[in-house]
Number of protein chains: 2
Amino acid sequence: MGNRTTLRSVAEAAGVSTATVSYAFNRPDRLSGEMRSRILAVARELGYPGPDAAARSLRTGRANAIGVIFTTELTYAFSDPYVLALLGGLAETLAHSRTSLVLIPFAPVIAGLSDVEVRESLDAVHRAVIDGAVADGLTDDHPAVRALSDRSLPLVRSSDTAAGRCVLIDDRQAGREIGRHLADLGHREVAVVVSSPREPGCPIPPAEEAALHPYSRHRLAGIREALPAGSRVPVVSGGRNADAAGRIAATAILAAPDRPTAIAADSDVLAATAVEVATAQGLRVGHELSITGFDDVPLAASTGLTTIRQPIHEKGRLMARMLLDPDNTPDRVTLPIELVARSSTGPVPSHRLHGGT
Amino acid sequence: MGNRTTLRSVAEAAGVSTATVSYAFNRPDRLSGEMRSRILAVARELGYPGPDAAARSLRTGRANAIGVIFTTELTYAFSDPYVLALLGGLAETLAHSRTSLVLIPFAPVIAGLSDVEVRESLDAVHRAVIDGAVADGLTDDHPAVRALSDRSLPLVRSSDTAAGRCVLIDDRQAGREIGRHLADLGHREVAVVVSSPREPGCPIPPAEEAALHPYSRHRLAGIREALPAGSRVPVVSGGRNADAAGRIAATAILAAPDRPTAIAADSDVLAATAVEVATAQGLRVGHELSITGFDDVPLAASTGLTTIRQPIHEKGRLMARMLLDPDNTPDRVTLPIELVARSSTGPVPSHRLHGGT
DNA sequence: TGCATCATGTTAAACGATTAACATGAGGAG
DNA sequence: CTCCTCATGTTAATCGTTTAACATGATGCA
């Protein structure tokens with residue numbers, strides 16, 4: 001003893017070839033029932049736990065697992081309702097096909113790291129034994145995404161991509177709907193809060209808008225498009241989407257001398273903290289200040305947020321299916337969105353109405 | 001081409017041995033800088049994505065990943081605040097050591113399945129390429145747990161276990177604190193809602209109490225111990241801990257002719273739905289009916305639940321550390337708990353006071 | 001009887017890497 | 001000049017399976 005029991009030791013003990021033992025575990029029909037049960041008996045006796053997972057993966061080229069990477073750091077991920085809904089959707093599809101979900105940690109921010117450091121921070125991405133992966137919110141040129149596609153793993157993304165599979169929403173259209181909703185209510189000054197690696201609360205100059213996440217960029221474009229010409233639409237960093245950062249961003253926006261009449265946030269979480277901050281400052285949200293969110297997670301309903309609903313759960317289910325069964329699923333799907341108007345938006349107060357129009 | 005590029009193809013292209021290429025990727029210090037960069041250049045040129053994950057796992061015996069299994073079905077897991085807190089704790093520790101988190105799906109209920117079916121439903125558990133695993137809320141004799149320990153994988157459990165590592169709370173003591181709290185308020189009729197595979201709302205006869213989850217059993221024992229002799233403490237199934245099931249259980253309890261004065265639930269989620277149901281029925285929770293939860297997840301605070309606080313996040317962190325660094329961590333830890341009294345409990349209404357005492 | 005078919009095992013070649021143990025030549029020390 | 005050390009590569013064994021292709025004897029069928 002001391003040595004681990006393997007397929008071979010079982011084969012020797014049973015006086016058969018390793019192939020036979022392998023068949024006993026994997027292809028019952030290739031063996032006589034008698035032989036099979038004899039082998040399983042010997043295996044049990046030796047305490048053989050069944051074929052080794054890593055060896056099997058190597059040999060068959062299948063891991064029965066798919067990976068997930070997202071913008072949020074893994075630690076925060078579990079408190080981000082959007083991510084949770086997505087994971088729930090993924091899990092639902094995966095459970096049916098006995099496939100594990102591998103959450104891969106990595107440093108989302110890689111600005112200013114050396115080549116070696118980047119490679120190191122991507123270690124887990126390289127070592128993950130998976131058959132494919134879902135990348136949410138990361139662009140094609142993100143090192144983690146690149147690492148995965150270099151491994152020539154099937155990949156499904158949630159952002160638009162030249163080549164490869166993706167599940168999208170029309171972010172620009174979403175932006176337009178938000179913009180139109182606000183425009184109809186008379187808003188001409190809308191601060192847009194986007195998630196960004198920059199300090200929360202800090203204004204993002206037009207020159208830097210190109211560096212934003214594509215989805216933020218598209219939503220922003222949509223909002224501007226739908227607002228009347230001459231509207232003021234400053235962009236503010238909401239940090240990395242965490243509560244604390246959102247609070248800072250909201251505070252900064254409200255502290256400005258030319259406070260906007262509306263805030264359009266990139267996520268419901270961000271919007272909800274804005275509501276909180278505004279309320280704490282005595283502002284009546286939906287009256288003195290309008291706020292919109294994005295995603296329509298459960299929090300949005302309980303906060304009374306006007307928001308864009310997207311079928312996140314369905315998105316997850318679909319992404320998983322696209323990985324598991326590429327032949328029977330489309331390469332690219334655009335999911336429907338819908339504006340849900342609630343109490344967090346309302347007409348601009350009369351004293352802030354613009355002269356024109 | 002057509003064939004995948006491997007360590008070998010890179011070696012051939014570079015005119016060196018495979019060992020050298022391997023060193024180039026794994027042990028920079030064993031090679032001259034010149035040689036190393038030449039190899040990496042060749043690798044890049046061939047589009048070699050680095051050593052194959054499965055092969056590496058097989059050869060080194062390390063997967064850089066740990067598995068997680070819990071009672072909740074994977075799909076529901078992402079809406080269970082307890083699980084989320086635990087996962088958050090795990091992720092926090094893992095992120096620092098570049099270890100992935102593998103969520104393994106399996107059918108939690110295995111009653112009435114044939115041997116083959118059980119083995120099949122455990123497929124993902126067998127195939128997961130991991131270095132160890134966390135099992136939350138499952139007993140030692142659960143097939144999934146057994147499968148993992150048969151694989152002789154390091155295991156950390158959250159329930160008491162004869163041999164092996166675990167992170168616990170003193171469930172019995174927790175039960176006592178709940179019991180004492182309710183007793184002090186005059187309660188003598190306390191329905192206990194436990195998660196169980198049985199139909200939600202159905203009463204669990206004393207004979208079946210032995211089959212409950214150990215933690216439920218211990219809490220129940222604690223509650224009974226702390227209530228005055230002669231108290232009535234019926235046990236009711238809360239199903240599998242989902243919202244809908246909780247609603248049914250609460251409804252059943254409140255519909256009974258001899259409605260209890262208090263409900264002690266096994267989780268905050270269950271308790272919160274009970275609050276909801278009771279409120280909808282016009283009962284003032286904390287007055288006509290007292291309700292206690294368990295865990296003190298965020299939901300508990302916002303619902304005003306009296307509950308037992310346990311450091312779930314810390315539990316997760318600790319479990320991960322115990323797996324990653326077994327030599328510098330204890331085999332068994334008991335975490336502190338604390339009763340948090342909020343508005344969901346209050347004195348028994350006078351018309352329901354018992355004669356004695 | 002003769003031949004194709006079938007059920008049941010076996011042989012042996014991968015799968016793609018890691019890593020002791022061993023060469024080899026250069027440089028330093030005495 | 002000799003011996004030792006050190007840096008840098010190489011050789012070759014091994015990790016534990018899976019599976020195509022091949023044997024072999026029994027069975028079915030004309």
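The analysis underlying the following values was restricted to heavy atoms, covering all of them including side chains, and did not include hydrogens, waters or symmetry mates. In what follows, chains carry the letters A, B, and so on, assigned in the order in which the sequence lines appear, proteins first and then strands, with residues in each chain numbered from 1.
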Taking atom types as they are modelled, is there a donor-acceptor pair under 3.5 Å from the base of D:dT18 to the side chain of A:R59?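 Donor-acceptor pair under 3.5 Å: yes.
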Comparing B:T18 and A:R30 on DNA chain D - which has the more 5′ nearest nucleotide: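 Here B:T18 is the residue nearer the 5' end.
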Assuming nearest nucleotide by heavy-atom distance, tell me which of B:S17 and B:L58 is located more 5' along DNA chain D.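 Its nucleotide being nearer the 5' end, the pick is B:S17.
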Tell me whether [X] contacts the main-chain N or O of [Y] through its side chain, where contact means a donor paired with an acceptor under 3.5 Å.
{"X": "B:H142", "Y": "B:A144", "result": "yes"}
{"X": "A:N26", "Y": "A:S22", "result": "yes"}
{"X": "B:R317", "Y": "B:L86", "result": "no"}
{"X": "B:R165", "Y": "B:R157", "result": "no"}
{"X": "A:R38", "Y": "A:A14", "result": "yes"}

How would you label the contact of [X] with the nucleic acid (heavy atoms, under 4.0 Å): base, sugar-phosphate, or nothing?
{"X": "B:T20", "answer": "base"}
{"X": "A:S22", "answer": "base"}
{"X": "B:T60", "answer": "sugar-phosphate"}
{"X": "B:L31", "answer": "sugar-phosphate"}
{"X": "A:Y48", "answer": "sugar-phosphate"}

Would you check if the distance from the ring center of A:Y48 to the ring center of A:F25 is below 6.0 Å?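 When the ring centroids of A:Y48 and A:F25 are compared, they turn out to be within the sub-6.0 Å range.
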If you pin B:A19 and B:A55 to their nearest nucleotides in DNA chain C, which one's is more 5'?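 Closer to the 5' end of DNA chain C: B:A55.
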Run the numbers on B:D150 and B:R146 for salt bridge (charged side-chain N to carboxylate O under 4.0 Å, His left out), then give the verdict. CA-CA 6 Å; B:D150 281 351; B:R146 202 120 69 178; 5.9 Å; no
Overall bend - the helix from C:dT1-D:dA30 to C:dG30-D:dC1, comparing terminal axes fitted on five pairs, nearest 10 degrees: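 The angle separating the two end axes equals 30°.
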What is the distance, rounded to the nearest whole Å, between atom [atom1] of [X] and atom [atom2] of [N]?
{"X": "B:E12", "N": "D:dT11", "atom1": "CD", "atom2": "P", "answer": "12 Å"}
{"X": "A:I39", "N": "D:dT17", "atom1": "CD1", "atom2": "P", "answer": "14 Å"}
{"X": "B:H126", "N": "D:dT18", "atom1": "NE2", "atom2": "P", "answer": "13 Å"}

Is there a salt bridge (charged side-chain N to carboxylate O under 4.0 Å, His left out) between A:D52 and A:R56? Walk through the geometry before answering. CA-CA 6 Å; A:D52 177 81; A:R56 218 209 274 247; over 6 Å; no
Phosphate oxygens OP1/OP2 of D:dT18: is one of them under 4.0 Å from a side-chain N or O of A:R56?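 Indeed, a polar side-chain atom of A:R56 lies that close.
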Can you pull the contact range of chain A along DNA chain C, 5' to 3', using atoms under 4.0 angstrom from its heavy atoms?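 Terminal contacting nucleotides, 5' to 3': C:dT8 to C:dG16.
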Distance alone, cut at 3.5 Å: any donor-acceptor contact between the side chains of B:Y82 and B:D136?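 Yes, side-chain donor-acceptor contact under 3.5 Å.
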